[in-house]
A.B. asks: 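Attaching a single structure in structure tokens format; questions to follow.
Here is the naming used below: chain letters follow the sequence lines, and residue numbers restart at 1 for every chain.
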There are 2 protein chains.
Amino acid sequence: MELQRISKEKVDKNSVIPIYYQIFKLFEEYIIKGKLKPGEALPPEHEIAETFEISRMTVRRAISELINAGLVYSQKGKGTFVAKPNLNQVIFELGDFHEEITKKGMTPSSKLLGVRIVKADKILSNKLEVPLGTNCLYFSLVLSADNEPLVYEKKYIKYSKQKPILETELKDPSLSNLAVLHGDHFPTTSKRVLHASIVTEEEASILEVELNTPVFVVEQTIYDFDKKPVGWGRSIYRGDRYKLTSYIGWFANTSK
Amino acid sequence: MELQRISKEKVDKNSVIPIYYQIFKLFEEYIIKGKLKPGEALPPEHEIAETFEISRMTVRRAISELINAGLVYSQKGKGTFVAKPNLNQVIFELGDFHEEITKKGMTPSSKLLGVRIVKADKILSNKLEVPLGTNCLYFSLVLSADNEPLVYEKKYIKYSKQKPILETELKDPSLSNLAVLHGDHFPTTSKRVLHASIVTEEEASILEVELNTPVFVVEQTIYDFDKKPVGWGRSIYRGDRYKLTSYIGWFANTSK
DNA sequence: GAGTGGTCTAGACCACGCG
DNA sequence: GCGTGGTCTAGACCACTCA
């Protein structure tokens with residue numbers, strides 16, 4: 001790759017924009033636009049440093065951003081090379097319900113169906129690792145977009161604080177928030193399992209759909225520092241309306 | 001936070017393990033074990049540098065690893081603080097079929113049902129942005145675990161090369177690989193949309209399941225440098241057998 | 001042995017937050 | 001004005017790769 005002619009003017013040392021960021025953007029552009037192709041080597045670090053008349057550490061900072069963005073990889077003793085985008089990798093993000101719905105221009109709402117104390121049955125005692133019959137807090141709610149119910153959630157918290165349940169705190173009825181408010185321990189990790197299923201009769205009536213409607217089921221368990229479960233929940237998403245989207249690859253907006 | 005007593009012995013300057021990594025691991029442990037709590041400040045960088053008798057740049061490298069792992073965040077002029085884990089964030093990874101199945105101790109296999117050239121119908125011409133009736137490559141296959149079919153895939157490639165279709169290349173029948181082999185342009189980005197559904201009759205017979213079985217549907221489109229679609233596919237996953245799992249939070253194995 | 005990236009140093013100047 | 005993190009320098013030594 002020919003650096004000399006193209007570049008020196010492209011980096012302004014007196015700019016408010018950090019030099020390493022300018023260098024990062026320069027190579028990002030080359031890669032995204034295909035001027036540098038997968039497998040091709042970047043110039044060695046010392047060469048980049050010389051042509052731009054900057055320190056090698058600054059070059060390394062720029063390259064570390066490129067590595068971070070998945071655009072290149074380095075090999076000790078060999079060089080730095082443009083990566084191949086691994087399009088087989090798949091990452092689905094399930095965003096916050098209110099944000100997601102608002103983003104789509106619809107109006108989100110949530111309705112609390114019930115809050116009460118229940119005694120742990122076999123399933124719950126297993127999930128929360130408590131003896132059968134232990135008192136647990138139970139919440140159930142429905143999330144809607146434009147008044148159409150989309151999600152039905154049931155949540156259980158291992159609780160000990162004898163705190164009253166306030167209306168205000170239900171503005172964030174996430175499992176982790178409920179655990180913070182009513183549990184002993186601070187939740188630090190969360191496990192979710194998603195699978196596809198078909199609505200039960202109960203779910204169908206609450207989501208106002210017919211039997212045999214496909215749904216996502218997301219089971220969430222949250223754990224404290226000691227990896228003990230402190231909360232468990234089950235959310236039913238209307239599978240025909242709710243979608244998960246994954247983007248992988250090289251985009252111009254790797255900005256930040 | 002009291003650094004002085006705890007620490008100096010904990011870092012070995014002559015170890016093969018980089019100093020920045022030792023420091024990173026030290027603070028990681030403090031945070032995961034709860035000795036440093038969310039919101040609490042780390043000691044200032046110059047102080048860490050002094051107590052361990054190392055350069056501030058090395059401290060910064062360690063902290064940048066902590067930031068990268070999502071354990072802390074820095075604020076210019078204020079300090080560096082332990083982050084709160086955001087347990088409401090959800091990321092589902094859908095791994096490579098063969099790897100996932102092998103990991104579970106089962107034997108994966110894939111069977112090619114058909115390869116042929118088809119003329120684009122309305123849907124396909126829309127998805128691939130080609131005129132109606134354009135020739136496209138079509139692949140369909142079934143992925144199985146222990147001889148039980150789990151996934152049914154149909155893939156379409158916008159092609160131009162008059163290349164024969166080799167058996168060997170079907171070892172990686174991923175959309176991006178097929179596009180590399182048969183398309184004009186190098187695929188750089190991939191979009192996938194996942195939703196829940198119910199098998200059609202055709203899918204039911206191929207997956208050997210009853211009607212009304214719930215499934216995941218994953219639609220994938222891949223694009224080249226110019227954001228033109230080069231391939232499109234639809235994968236049907238048995239929703240009762242295939243699950244997606246998401247872990248969020250602080251774990252001891254944030255190692256690498 | 002020449003070339004490469006990985007780590008580390010001991011300074012420097014700056015912009016920001018806060019009292 | 002002081003303390004903080006953000007950027008940058010001009011060196012240094014090392015381990016690795018490859019011919």
Side-chain angles (χ1 to χ4, degrees), chain A residues 1 3 7-8 10-27 36 39-83 255-256, chain B residues 1 3 7-8 10-27 36 39-83 255-256:
Chain A
M1 179 189 190
L3 261 188
S7 30
K8 228 172 142 179
K10 287 227 174 181
V11 171
D12 178 5
K13 286 207 197 185
N14 299 316
S15 165
V16 280
I17 300 163
I19 300 173
Y20 79 85
Y21 191 76
Q22 296 181 48
I23 305 272
F24 163 62
K25 278 293 179 188
L26 191 64
F27 281 103
L36 272 167
E40 208 172 326
L42 267 61
E45 297 175 351
H46 71 87
E47 191 179 317
I48 300 176
E50 281 164 20
T51 46
F52 291 103
E53 294 174 336
I54 56 177
S55 161
R56 195 183 143 215
M57 283 301 276
T58 305
V59 176
R60 282 185 63 71
R61 173 73 198 269
I63 290 178
S64 99
E65 300 284 326
L66 290 169
I67 293 173
N68 221 295
L71 293 169
V72 306
Y73 60 93
S74 289
Q75 284 185 22
K76 201 195 283 194
K78 292 186 71 176
T80 301
F81 306 89
V82 179
S255 46
K256 195 264 132 107
Chain B
M1 179 190 190
L3 263 188
S7 30
K8 229 172 142 179
K10 288 228 175 181
V11 170
D12 178 6
K13 286 207 198 185
N14 299 316
S15 165
V16 279
I17 300 163
I19 300 173
Y20 79 85
Y21 191 75
Q22 297 181 47
I23 305 271
F24 163 62
K25 277 294 178 188
L26 190 64
F27 281 104
L36 272 167
E40 207 171 327
L42 267 61
E45 297 175 353
H46 70 87
E47 191 180 317
I48 300 176
E50 281 164 21
T51 46
F52 291 103
E53 294 173 336
I54 57 178
S55 160
R56 195 184 143 214
M57 283 301 274
T58 305
V59 175
R60 281 185 64 70
R61 173 74 196 268
I63 289 177
S64 98
E65 300 284 326
L66 290 169
I67 293 172
N68 222 294
L71 292 169
V72 306
Y73 59 94
S74 289
Q75 284 184 23
K76 201 195 283 194
K78 292 186 72 176
T80 301
F81 306 89
V82 180
S255 47
K256 192 262 120 128

A.B. asks: Give a yes/no answer on whether the side chain of B/T80 brings an N or O atom under 4.0 Å of OP1 or OP2 in D/dG5.
C.D. replies: yes
A.B. asks: When you measure from the side chain of A/Q22 to the backbone N and O of A/I17, does any donor-acceptor pair fall under 3.5 Å?
C.D. replies: yes
A.B. asks: Applying side-chain hydrogen bond (donor to acceptor under 3.5 Å, both in side chains), name anything that partners A/S74, two or more places apart in sequence or on another chain.
C.D. replies: A/T80
A.B. asks: Please assess B/V59 against B/I54 for the test side-chain contact (heavy atoms from CB on, under 4.5 Å), listing each intermediate value before the final yes or no.
C.D. replies: CA-CA 8 Å; B/V59 175; B/I54 57 178; 3.8 Å; yes
A.B. asks: Can you check each nucleotide of nucleotides 14-19 of chain D against protein heavy atoms at under 4.0 Å and return B for base, S for sugar-phosphate only, - for none, in 5' to 3' order?
C.D. replies: --BSS-
A.B. asks: Going by heavy atoms closer than 4.0 Å, what residues in residues 54-67 of chain A are next to DNA chain D?
C.D. replies: A/I54, A/S55, A/R56, A/M57, A/T58, A/R61
A.B. asks: Is there side-chain contact between A/I19 and A/V11, with heavy atoms separated by less than 4.5 Å?
C.D. replies: yes
A.B. asks: Can you measure B/L42 atom CG to D/dG5 atom P for me and round it to whole angstrom units?
C.D. replies: 9 Å
A.B. asks: Just so I know, are the side chains of A/Y73 and A/L66 near enough to count as touching, which here means a heavy-atom distance under 4.5 Å?
C.D. replies: no
A.B. asks: Contact between B/Y20 and B/E65 at the side-chain level, heavy atoms closer than 4.5 Å - yes or no?
C.D. replies: yes
A.B. asks: Is there a side-chain contact between B/F27 and B/L36, using heavy atoms and a 4.5 Å cut-off?
C.D. replies: yes
A.B. asks: Under a criterion of less than 4.0 angstrom to any heavy atom of chain A, what are the 5'-terminal and 3'-terminal contacting nucleotides of DNA chain C?
C.D. replies: C/dG3 to C/dC8
A.B. asks: Just to verify, what does B/S64 make a side-chain hydrogen bond (donor to acceptor under 3.5 Å, both in side chains) with, not counting sequence neighbours?
C.D. replies: none
A.B. asks: If the condition is salt bridge (Lys or Arg N to Asp or Glu O under 4.0 Å), which residues does B/E45 pass it with, not counting sequence neighbours?
C.D. replies: B/R56, B/R60
A.B. asks: Working note: B/I63 + B/I23, criterion side-chain contact (heavy atoms from CB on, under 4.5 Å); need CA distance, chi angles, decisive distance, verdict.
C.D. replies: CA-CA 8 Å; B/I63 289 177; B/I23 305 271; over 6 Å; no
A.B. asks: Using only side-chain N and O atoms of B/H46, determine if any of them is under 4.0 Å from OP1 or OP2 of D/dG3.
C.D. replies: no
